[in-house]
Amino acid sequence: KILAFTPIFYPHMGGAERTVYELYSRLVRDHGYEVALVTIHTDAAPSYEVIEGIHVYRIGKNYGNKLVKIALLQVLFFWIYLRKFSFRGWRVLHIHYAFHVSLSALFFRYILRKKLIVSEYHFGTGADISSEKENPSLVNNICGMVYRAAALVLTISQDNKRFIQAVSQ
């Protein structure tokens with residue numbers, strides 16, 4: 001059983017969303033995994049749906065302010081976990097982007113003793129920056145803690161690998 005979180009999931013789009021969709025649909029179809037994916041709610045999507053065996057839960061709403069969105073995601077992620085999943089056999093938390101639910105990820109890893117896997121597609125706070133130097137140092141420190149806590153970190157480029165290494169030291 002895999003509990004997953006990504007701040008964006010529109011499987012009809014390209015990029016990271018398509019990667020997430022392909023990964024989980026194959027894990028369900030080819031390997032029999034149970035996947036619950038938690039993401040941010042959008043106006044045009046249902047709060048819950050099953051997409052090729054992936055149970056998709058959409059929470060909150062897509063706030064424009066990044067800091068508000070990230071703070072609310074922490075609370076909403078905990079809330080849906082306690083309400084829907086509790087402690088029933090979820091062994092792995094797979095997050096896409098280290099920063100967005102970092103506090104929840106660290107809680108899962110160190111308090112609940114769950115395996116943490118991180119997939120990183122950008123440099124901490126998003127695609128609009130080109131290096132770790134453009135992040136506030138707090139963001140880099142938090143991302144570094146999450147990367148060090150992870151059993152596995154997946155990335156899509158050598159630039160991302162350098163970012164992860166730079167903030168993980």
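Values reported hereafter were calculated over all heavy atoms of this structure, with side chains retained and with hydrogens, waters and symmetry mates removed. Small disclaimer: the values here were computed from a predicted structure and weren't measured.
In terms of heavy atoms, Y147 sits closest to V167 at CE1-CG2, 3.5 Å. Nearest heavy-atom pair across A105 and L93 is CA-CD2, 3.9 Å. Across F5 and V38, no two heavy atoms sit closer than the pair CD1-O, 3.1 Å. Contact record, R148 with S168: NH1-O, 3.1 Å, taken as the closest heavy-atom pair. Contact detail for A150 and V153: the closest heavy-atom pair is CB-CG2, 3.8 Å. Here the shortest heavy-atom pairing between I54 and Y21 reads CD1-O, 4.1 Å.
Identified under the side chain to side chain donor-acceptor pair (under 3.5 Å) test for residues 103-112, with sequence neighbours left out: Q74-S104.
The shortest side-chain heavy-atom distance between I142 and M145 falls under the 4.5 Å cut-off. Proximity of I95 to F108: side-chain heavy atoms (C-beta onward) are nowhere separated by under 4.5 Å. Residues T155 and F163 are not in side-chain contact: their nearest non-hydrogen atoms beyond the backbone lie 4.5 Å or more apart.
Atom CD1 of I164 sits about 11.5 Å away from atom CZ of R162, to the nearest 0.5 Å. Taking CD1 from I2 and NE2 from H31, the interatomic distance works out to 10.0 Å, rounded to the nearest 0.5 Å.
At least one donor-acceptor pair under 3.5 Å links the side chain of E120 to the backbone N or O of A98. Judged purely by atom type and a 3.5 angstrom limit, T39 uses its side chain to pair as donor or acceptor with the backbone of T6.
L103 and L116 are members of different hydrophobic clusters when ILVMFWY side chains are connected at heavy-atom separations under 4.5 Å.
The aromatic rings of H55 and Y48 sit parallel, their planes meeting at an angle under 30°, below the 60° perpendicular limit.
Contacts of Y24 classified as ring pair (Phe, Tyr, Trp, His ring centres under 6.0 Å), with partners at least two apart in sequence or in another chain: H94, H96.
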*With side chain to side chain contact (heavy atoms under 4.5 Å, CB included) as the test, would you mind laying out the steps for S25 and I51 before giving the verdict?*
CA-CA 8 Å; S25 63; I51 301 173; over 6 Å; no
*For R58 and F9, run side chain to side chain contact (heavy atoms under 4.5 Å, CB included): C-alpha distance rounded to whole Å, both residues' side-chain angles, the deciding distance at 0.1 Å, then the answer.*
CA-CA 9 Å; R58 293 186 177 86; F9 184 67; 4.3 Å; yes
*Would you please test L3 and Y57 for side chain to side chain contact (heavy atoms under 4.5 Å, CB included) and show each step?*
CA-CA 11 Å; L3 178 59; Y57 297 86; over 6 Å; no
